Amino acid sequence: MGIFTYEDERVSSNAPARLYKAIVLDSSNVFPKVLPDFIKSVEIIEGDGGPGSIKKLTFAEGYVKQKVDAVDAENYVYHYSVIEGHAWPHTLENIYFELKMVESPDGGCIIKSITKYYTKGEAQLPEEFLKANRERIARFTKAIDDYLFANPDYN
């Protein structure tokens, strides 16, 4: 099995608790509002949203299923694995995400993420696929950050 790892850090003007709530705890309400042309729905299809739960995100062009691996609201940590989806390269086994929000001195936070792509055998992933996923994550994170900034009453 091959593993391709991508680490990223983004700065947010939002406090970690607020951002964590929007991305992790309230995703079924927030995601379709933030990117309505991209994300149509988020639903828990198995479990209660905690570890072991399965979420289905429906997009304009398909879907992905995520298995929740860890939810730590106290430390703003969220881990999940994409276990199934559309436009999935035949060489890809799964994708694992680690997300952590760390408070910054200015009251905002630093969003730290690690993405691990697991391939079948020693298969390589097309650079276009990796680049598109990085861009999608960046656009998604910015859209949520902008939404929260524009909606100061969101709690």
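Please read all numbers here as calculations on a predicted model, not as lab measurements. Just so it is clear, the values below take in all heavy atoms, side chains as well, and ignore hydrogens, waters and symmetry mates.
Between Val68 and Lys55 there is a side-chain heavy-atom pair separated by less than 4.5 Å. The shortest side-chain heavy-atom distance between Val82 and Lys67 does not fall under the 4.5 Å cut-off. Side-chain contact between Ile44 and Ile54: absent, with no pair of heavy atoms (C-beta onward) separated by less than 4.5 Å. At a threshold of 4.5 Å between non-hydrogen side-chain atoms, the residues Asp48 and Ser53 count as touching. Between Tyr117 and Glu93 the shortest side-chain heavy-atom distance does not fall below 4.5 Å. Side-chain contact check for Val24 versus Tyr76: every heavy-atom pair is 4.5 Å or farther apart. Within the 4.5 Å cutoff, side-chain heavy atoms of Thr58 are placed close to those of Lys56. Lys112 is not listed as a side-chain neighbour of Leu99, based on a closest heavy-atom distance of 4.5 Å or more.
Around CD of Glu61, the count of heavy atoms belonging to other residues, nucleotides or ligands within 6.0 Å exceeds 12. Shown here is Tyr63, whose OH atom has more than 12 heavy atoms of other residues, nucleotides or ligands within 6.0 Å.
A cation-pi contact, defined as under 6.0 Å to the ring centre and within 45° of the axis, is absent between Arg136 and Phe38. Geometrically, Arg134 engages Tyr6 in a cation-pi contact, judged by NZ or CZ lying under 6.0 Å from the ring centre and within 45° of the ring axis.
Heavy atoms only, all atoms of each residue included: Cys109 and Pro16 are closest at CB-CD, 3.8 Å. Taking each heavy atom of Arg18 and Phe149 in turn, the nearest pair found is NH1-N, 4.3 Å. Shown here for Pro32 and Ser27, the closest heavy-atom pair between the two residues is CD-O, 3.7 Å. Taking each heavy atom of Lys100 and Asn75 in turn, the nearest pair found is CE-O, 4.1 Å. Here the closest heavy-atom approach between residue Ser104 and residue Ile110 is recorded as CB-CG1, 4.3 Å. Heavy-atom minimum distance, Asp37 versus Lys40: CA-NZ, 4.0 Å.
With hydrogens and angles disregarded, no donor-acceptor distance shorter than 3.5 Å links the side chain of Asn151 to the backbone of Asp153. With Tyr20 contributing its side chain and Asp72 its backbone, the two residues share a donor-acceptor pair below 3.5 Å.
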Checklist line | Working for ring-ring contact (aromatic ring centres under 6.0 Å, His included), residues His79 and Phe97 | finding: CA-CA 6 Å; His79 297 184; Phe97 292 92; over 10 Å; no
Margin query: I'd like to know whether Leu57 forms a side-chain contact (heavy atoms from CB on, under 4.5 Å) with Gln66, so could you lay out the CA-CA distance, the side-chain angles of the two residues, the decisive distance to 0.1 Å, and finally the verdict.
Written below: CA-CA 8 Å; Leu57 284 73; Gln66 299 176 345; 3.6 Å; yes
Check: Where do Ile95 and Asn133 land on the side-chain contact (heavy atoms from CB on, under 4.5 Å) test, with the steps shown first?
Finding: CA-CA 11 Å; Ile95 306 171; Asn133 274 350; 4.3 Å; yes
Item checked: Candidate pair Val30 and Ile23, rule side-chain contact (heavy atoms from CB on, under 4.5 Å), full reasoning -> CA-CA 8 Å; Val30 174; Ile23 291 175; over 6 Å; no
Next item on the list: Would you check, one step at a time, whether the test ring-ring contact (aromatic ring centres under 6.0 Å, His included) holds for Phe31 with Phe140?
Entry: CA-CA 9 Å; Phe31 290 7; Phe140 172 77; 4.7 Å; yes
Next item on the list: Carefully, step by step, assess Tyr154 and Asp26 under the rule side-chain contact (heavy atoms from CB on, under 4.5 Å).
Entry: CA-CA 11 Å; Tyr154 175 85; Asp26 196 21; 2.8 Å; yes
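Between atom CG of residue Asp8 and atom OG1 of residue Thr115 there is a gap of 8.0 Å, rounded to the nearest 0.5 Å. Here the NZ atom belonging to Lys116 is positioned 8.5 Å from the CD atom belonging to Glu7, to the nearest 0.5 angstrom. Between the CD1 atom of Ile114 and the CD atom of Glu9 there is a distance of 9.5 Å, given to the nearest 0.5 Å.
Using a 4.5 Å cut-off between side-chain heavy atoms of Ile, Leu, Val, Met, Phe, Trp and Tyr, with links allowed through other members, Leu35 and Tyr147 fall into the same hydrophobic cluster. Cluster annotation: Ile137 is connected to Leu130 through the hydrophobic network of ILVMFWY side chains, with a link wherever side-chain heavy atoms come within less than 4.5 Å.
Between Tyr96 and Asp69, the side chains place no donor N or O within less than 3.5 Å of an acceptor N or O (distance only, hydrogens not considered). With no hydrogens or angles considered, a side-chain donor-acceptor pair links Ser12 and Asp145 at under 3.5 Å. The closest side-chain donor-acceptor pair between Tyr78 and Glu98, if any, does not fall under 3.5 angstrom.
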